[in-house]
Amino acid sequence: MNTEFVRYLERLSEMYPTIDAASTEIINLQSILNLPKGTEHFLSDIHGEYASFSHVLRNGSGAVRKKIDDVFGHTLSKRDKCSLASLIYYPREKIDYVKRHDIDMDNWYKITLYRLIEICKIVSSKYTRSKVRKALPSAYAYITEELIAEKPEILNRGAYYDGIVNTILEVGAAEKFIVAMAELIQRLVVDHLHILGDIFDRGSGAARIMDKLCSYHSLDIQWGNHDVIWMGAAAGNTTCIANIIRNSVRYGNLDVLEDSYGINMLPLATFAMTVYENTDCSCFALKKSVGHDTDTKLEIKMHKAITIIQFKLEGQLIAKHPEFDMDNRCLLHKINFDNKTVEVDGEMYPMKDTDFPTISRKNPYALTEREAEVMEKLRSAFINCEKLQKHTQLLLKKGGMYKTYNGNLLFHGCMPLNNDGSFKELKIDGCTYSGKALFDVFEEYCRKALLSLDREQRKNGGDILWYLWNGPDSPLFGRTKMSTFERYFIEDTESHKEKKNAYYSLIENENTANKILEEFGLGDTGHIINGHVPVHQSEGENPLKCGGKVIMIDGGFSKAYHKLTGIAGYTLTYNSYGLTLTAHEPFESVEQVIQNDKDIVSNQVAVQQAFNRIVVGDTDNGKRMKENIADLKELIKAYRLGTLSEKEK
């Protein structure tokens, strides 16, 4: 054995000091390798819609209902199965509803407990007892384990279980136990969660979603462009902050900033109320505007004020980074205030609004003194927001630009491609990057923005986070431009068009898909899974591209997309039987689920079915276990040869 490997075995011997200890671990690992693979759950483009997100998380994109079918088959009616599913999703609410309508609650409790026990047995069967034990609710861990574990040594198992259930009823613990069992089923149905970006913006529940993810048992996150802009704001980048505030006010979601994160909008409100008091703000109606009360009128003025600040800050940042090649997004100096036109991409367009009290014709991108004061106060609020910083740390800890997991490549947007299918190149700090290297260098800069001790690195990282939000070669954006200016000020919709990256047309080509998979070290049997672009099912678009090798799973959670897509979008599950794509109807309310047993899973399609059931040994984690087993065998060999000595326990 070489010296380095012996040194490694010496460290390993600290964990396994004897032959018996190493042998026991080998046996444990080997037994796990033969268990069925756990279910992976893929969600994308949640966009702050907490209720829809929470429901899909609870139902596991149909995984809970499938387990109910597996257990009860034709022995339960469809109605009873739906009722049982809604109980598992919302146990407390369902119990309250049943108590108002069912006279014989003891009988209902007993039947429900037995049904939940049977489902728990099935969902826990693919895990080791140790893993199940860790997932059990602490208050009922022992009794739950007794009920779901097989006990062949007990001759009259029916009487044994009856005794436990009757005792639960007698001591008045039925409701709490039912809740605990339902939550355990939710926990065990999904082994690992993948979030493929865009948690933030549009909906009002992003903070609640992040709180939920902070306590989730196992997950990873692929950053979306709506996530990195919030990361940039947390890092103190004022251009990112302006974008977030504009988005929030535009969609009537200032509550996200003020109530969820405690960021005070008073500096902006005071500024807008005075400086924009007599200004035409007709182009800045809110997306969710209702009525014309004082608050809404103020928010419209705030909307215009922060939008102009955003355009100024973006112009400054673009000038600072010529390598971004975004000069065409600097439009303030191309406004002709005399004839109320603007030049965009060589074309002259009439402007709907040129009433800009803070724009200097000589230096249009300079902030006024008051604008600078507003942004400094807002910057301080963002970087000192404890909750936002906690959520950002989760994005750093669990997130990244991409993920390779069990043979699949996960990212939010696209692989930037040229029209000929080659990887598009981008110059960053004098070096040229493309393909996987481009993803890696972007991630490096994102982390520097929030973690580096060097002030300049943090600043540059913050600028990169803004570029990832809307840059033409950003893998998270994937369009030639974000036409924010044009949508506000130009009537002609031709100017609004944002041309997609070649990825979205070339990805139907199998050679292109295989080339991308190979770039990330994956074989041609893998899949590319991404979100970002809503799938227009109503127009006949298919979420499966390239014969199923590429899967678009924009969750369509945002209500703004429902008219375009015709559905609420797609999610994906990957269990021991293969990949299943699930189409969802829009989520209505928890009340509809409780009272009418209504779910949102409308259709499930098998993307890829496994010829043989997939086991843990076939997964990435299984490969690591096999490597550990090989190392432990070498450790035992070293003990037996006398290279290392066993230690006392």
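In this chain, numbering begins with 1 at the start of the sequence shown. All heavy atoms count here, side chains included; hydrogens, waters and symmetry mates do not.
Side-chain rings of His47 and His226 approach one another, their centers coming within less than 6.0 Å. Ring pair His303/Tyr488: centre-to-centre distance below 6.0 Å. No close placement of the Tyr467 and His321 rings is indicated, their centers lying 6.0 Å or farther apart. Between Trp230 and Tyr261, the ring centre distance stays below 6.0 Å.
Under a 3.5 Å cut-off, the side chain of Asn384 and the backbone N or O of Ala381 do not form any donor-acceptor pair. Formation of a donor-acceptor pair under 3.5 Å by the Thr270 side chain with backbone atoms of Leu266 is found in this model. Under a 3.5 Å cut-off, the side chain of Ser44 and the backbone N or O of Leu196 do form a donor-acceptor pair. Judged by distance alone, the side chain of Lys545 and the main-chain N or O of Asn542 form a donor-acceptor pair under 3.5 Å. The closest donor-acceptor contact from the side chain of Asn247 to the backbone of Asp201 lies at 3.5 Å or more, if one exists at all. Side chain of Tyr365 to backbone of Leu332: a donor-acceptor contact under 3.5 angstrom is found. In this structure a side-chain-to-backbone donor-acceptor pair under 3.5 Å is missing from Lys340 to Lys352. Looking only at distances, no side-chain donor or acceptor of His527 sits under 3.5 Å from a matching main-chain atom of Val550. A donor-acceptor pair under 3.5 Å is absent between the side-chain atoms of Glu444 and the main chain of Val441, judged by distance alone.
By the 4.5 Å heavy-atom criterion applied to side chains, Ile308 and Ile359 are counted as neighbours.
Between Arg447 and Glu443, at least one side-chain N (NZ, or NE/NH1/NH2) sits under 4.0 Å from a carboxylate O, which counts as a salt bridge. A salt bridge is defined here as a Lys NZ or Arg NE, NH1 or NH2 lying under 4.0 Å from an Asp or Glu carboxylate O, and Asp338 with Arg361 meets this definition. Remark: Asp353 engages Lys304 in a salt bridge, criterion side-chain N to carboxylate O under 4.0 Å. Between Lys387 and Asp211 a salt bridge is recorded (basic side-chain N to carboxylate O distance below 4.0 Å). Ion pairing between Asp440 and Lys436 holds under the 4.0 Å rule for side-chain N and carboxylate O. A salt bridge links Lys424 with Asp473: at least one charged nitrogen is closer than 4.0 Å to a carboxylate oxygen. A salt bridge is absent between Glu373 and Lys377: the closest approach of a Lys/Arg side-chain nitrogen to an acidic carboxylate oxygen does not fall below 4.0 angstrom.
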Step-by-step side-chain hydrogen bond (donor to acceptor under 3.5 Å, both in side chains) determination, His41 to Thr571: CA-CA 8 Å; His41 193 192; Thr571 59; 4.5 Å; no

Determine, stepwise, if the pair Lys403 / Asn408 fulfils side-chain hydrogen bond (donor to acceptor under 3.5 Å, both in side chains). CA-CA 8 Å; Lys403 184 83 171 177; Asn408 297 316; over 6 Å; no

Step by step, would you call Phe284 with Phe489 a ring-ring contact (aromatic ring centres under 6.0 Å, His included)? CA-CA 10 Å; Phe284 292 86; Phe489 301 125; 5.8 Å; yes

Could you please spell out the steps behind the ring-ring contact (aromatic ring centres under 6.0 Å, His included) verdict for His412 and Tyr402? CA-CA 8 Å; His412 175 69; Tyr402 67 92; over 10 Å; no

Run the ring-ring contact (aromatic ring centres under 6.0 Å, His included) test on Tyr276 and Phe356 for me, step by step, so that the C-alpha distance in whole Å, both residues' side-chain angles and the decisive distance to 0.1 Å come before the verdict. CA-CA 9 Å; Tyr276 285 82; Phe356 307 137; 8.7 Å; no

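Summarising the local packing, NZ of Lys499 is surrounded by 12 or fewer heavy atoms from other residues, nucleotides or ligands at distances under 6.0 Å. Within 6.0 Å of CG on Asn339 lie more than 12 heavy atoms contributed by other residues, nucleotides or ligands. In the displayed structure, Glu518 atom CD is contacted under 6.0 Å by at most 12 heavy atoms of other residues, nucleotides or ligands. For NZ of Lys497, the number of neighbouring non-hydrogen atoms (other residues, nucleotides, ligands) closer than 6.0 Å is 12 at most. Residue Lys320 qualifies as enclosed at atom NZ: its count of foreign heavy atoms under 6.0 Å is above 12. Environment of CD in Gln316: crowded, with over 12 heavy atoms of neighbouring residues, nucleotides or ligands closer than 6.0 Å. More than 12 heavy atoms of other residues, nucleotides or ligands lie within 6.0 Å of CG in Asn363, so this atom counts as buried by the packing criterion. The number of heavy atoms from other shown groups lying within 6.0 Å of CZ (Arg208) does not exceed 12.
There is no side-chain donor-acceptor pair under 3.5 Å between Asp454 and Ser452.
Of the residues Glu498, Glu486, Glu314, the one that meets the salt bridge (charged side-chain N to carboxylate O under 4.0 Å, His left out) test with Arg329 is Glu486.
Between Leu468 and Asn225, the shortest heavy-atom distance links the atoms O-CB, 3.7 Å. Between Phe423 and Asn418, the shortest heavy-atom distance links the atoms O-ND2, 3.6 Å.
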